[in-house]
Amino acid sequence: MGRFHVHADGVRHEHPHDHEHGHGHGHGHDHDGHDHGEGDPAQRDAQVGDHSGYETGAERVEVLTAILDENERVARANRADFTAAEVRVVNLMSAPGAGKTTLLAETLRRLAGQLRIGVIEGDIETSIDADRLAGFGAEIALVNTGNGFGGECHLDAPMVRSALDRLHLADLDLLVIENVGNLVCPAEFEVGEDQRAMIYSITEGEEKPLKYPVMFRSADLVLINKIDLLPFLDFDLTLFRRNLDAVHPGVPVLEVSARTGEGLDDWCAWLRQPVPAAG
Ligand SMILES: Nc1nc2c(ncn2[C@@H]2O[C@H](COP(=O)(O)OP(=O)(O)OP(=O)(O)O)[C@@H](O)[C@H]2O)c(=O)[nH]1
Ligand SMILES: [Mg+2]
Ligand SMILES: [Zn+2]
């Protein structure tokens with residue numbers, strides 16, 4: 001069984017190590033790097049990161065396991081559909097406002113004539129971001145988590161699945177999923193993607209990889225965005241990269257500005273290169 005945590009609303013979150021390494025390990029560290037609990041592994045796993053303040057009993061573990069399994073099952077179904085359609089799927093994640101939609105608009109401007117691109121736009125409310133991405137020739141499917149999904153602060157596999165019948169997957173080369181702006185739980189839900197790209201903005205502070213290691217660790221690529229603001233901030237890029245390296249050694253990094261276009265050719269090249277074989 002995977003490890004997970006539970007929000008106060010009762011929704012469990014799959015541990016990202018399951019995404020990376022499969023299932024069955026019950027050891028290791030919590031989000032904050034501390035070990036929690038001793039004794040019965042199931043009990044301990046359920047307690048890890050559980051912020052609800054409820055006591056965790058066997059029944060609760062059963063319910064949470066069932067929900068966890070359901071996300072995995074649907075993620076597998078999504079992946080099977082993506083594979084059958086031969087569409088490459090990238091899950092784009094970041095804190096609110098790091099630049100996902102701006103980057104996507106620039107990406108569509110550059111690539112829409114060369115690749116057939118679809119976007120699943122995840123937002124709690126509003127079609128503001130989806131509207132910003134209209135007019136580039138991409139297929140856009142909006143998922144409002146406030147519309148039938150409890151206003152969740154992340155996308156999970158069933159939410160992504162709900163968007164698939166609004167896209168012509170077989171006609172797409174690339175599907176980008178703009179996740180809900182959130183530095184924490186989007187990383188914990190596998191949605192059937194091939195790769196995860198994370199945007200970090202230099203306005204967020206150098207210490208964020210240490211404070212929020214889960215997303216930084218689960219990313220296949222980290223984009224350091226808003227690099228155009230470097231002259232105006234006292235941001236220490238070397239320190240940030242050292243902190244990133246401490247939580248995810250060797251992760252590919254691109255320094256970009258979605259505003260000026262700096263580095264976006266490299267990002268587009270990354271999107272076009274074949275997905276590396278898993279291993
Ligand atoms: N200076 C500068 N501003 C940027 C850059 N990229 C994005 N912004 C600005 O940052 C703000 C947020 O950008 P968005 O693209 O909406 O960010 P987002 O990650 O999609 O935000 P949410 O969807 O709300 O999580 C906007 O005002 C953008 O114009 C950049 O490279 N440089
Ligand atoms: Mg956005
Ligand atoms: Zn969430």
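Small disclaimer: the values here were computed from a predicted structure and weren't measured. Note that ligands are numbered from 1 as they come in the structure, with each ligand's atoms numbered from 1 the same way.
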* Nearest-0.5 Å distance, OG of residue Ser201 to CG of residue Leu233 -> 8.5 Å
* Asked: Do other residues, nucleotides or ligands put more than 12 heavy atoms under 6.0 Å from Gln273 CD?
  -> yes
* At the Zn ion (ligand 3), what's the angle from Cys153 SG to Cys185 SG, rounded to 10 degrees? -> 100°
* Asked: Counting heavy atoms not belonging to Asn147, are there more than 12 under 6.0 Å from its CG?
  -> no
* To do: Using a cut-off of strictly less than 2.8 Å, determine whether Thr102 has an N/O/S atom near the Mg ion (ligand 2).
  => no
* Residue from Glu193, Gln195, Arg272 passing side-chain contact (heavy atoms from CB on, under 4.5 Å) with Arg88 -> Gln195
* Does a salt bridge link Arg79 with Glu190, judged by any charged N lying under 4.0 Å from a carboxylate O? -> yes
* **Proximal heteroatom of His154 relative to the Zn ion (ligand 3) (N/O/S)** => ND1
* To do: Give the atom name of whichever N/O/S atom in Asp129 sits closest to the Mg ion (ligand 2).
  => OD2
* Does the distance from a Lys or Arg side-chain N to an Asp or Glu carboxylate O, for Asp220 and Arg196, drop under 4.0 Å? -> no
* Parallel, tilted or perpendicular: which describes the rings of Phe240 and Phe235, with under 30° parallel and over 60° perpendicular? -> tilted
* the Mg ion (ligand 2) is nearest to which N, O or S atom of Glu178? -> OE2
* **Contact flag Glu121/the Mg ion (ligand 2), N/O/S atoms, threshold under 2.8 Å** => no
* To do: Examine Asp123 and say whether one of its N/O/S atoms is closer to the Mg ion (ligand 2) than 2.8 Å.
  => no
* Taking NZ, NE, NH1 and NH2 as the nitrogens, is one of them in Asp129 or Lys100 under 4.0 Å from a carboxylate oxygen of the other? -> no
* **Neighbouring protein residues of ligand 1 - any heavy atom closer than 4.0 Å** => Ser94, Pro96, Gly97, Ala98, Gly99, Lys100, Thr101, Thr102, Asp129, Arg132, Glu178, Gly181, Asn225, Lys226, Asp228, Leu229, Ser257, Ala258, Arg259
* Asked: Under a 4.0 Å N-O cut-off, is there an ion pair linking Arg241 with Glu255?
  -> yes
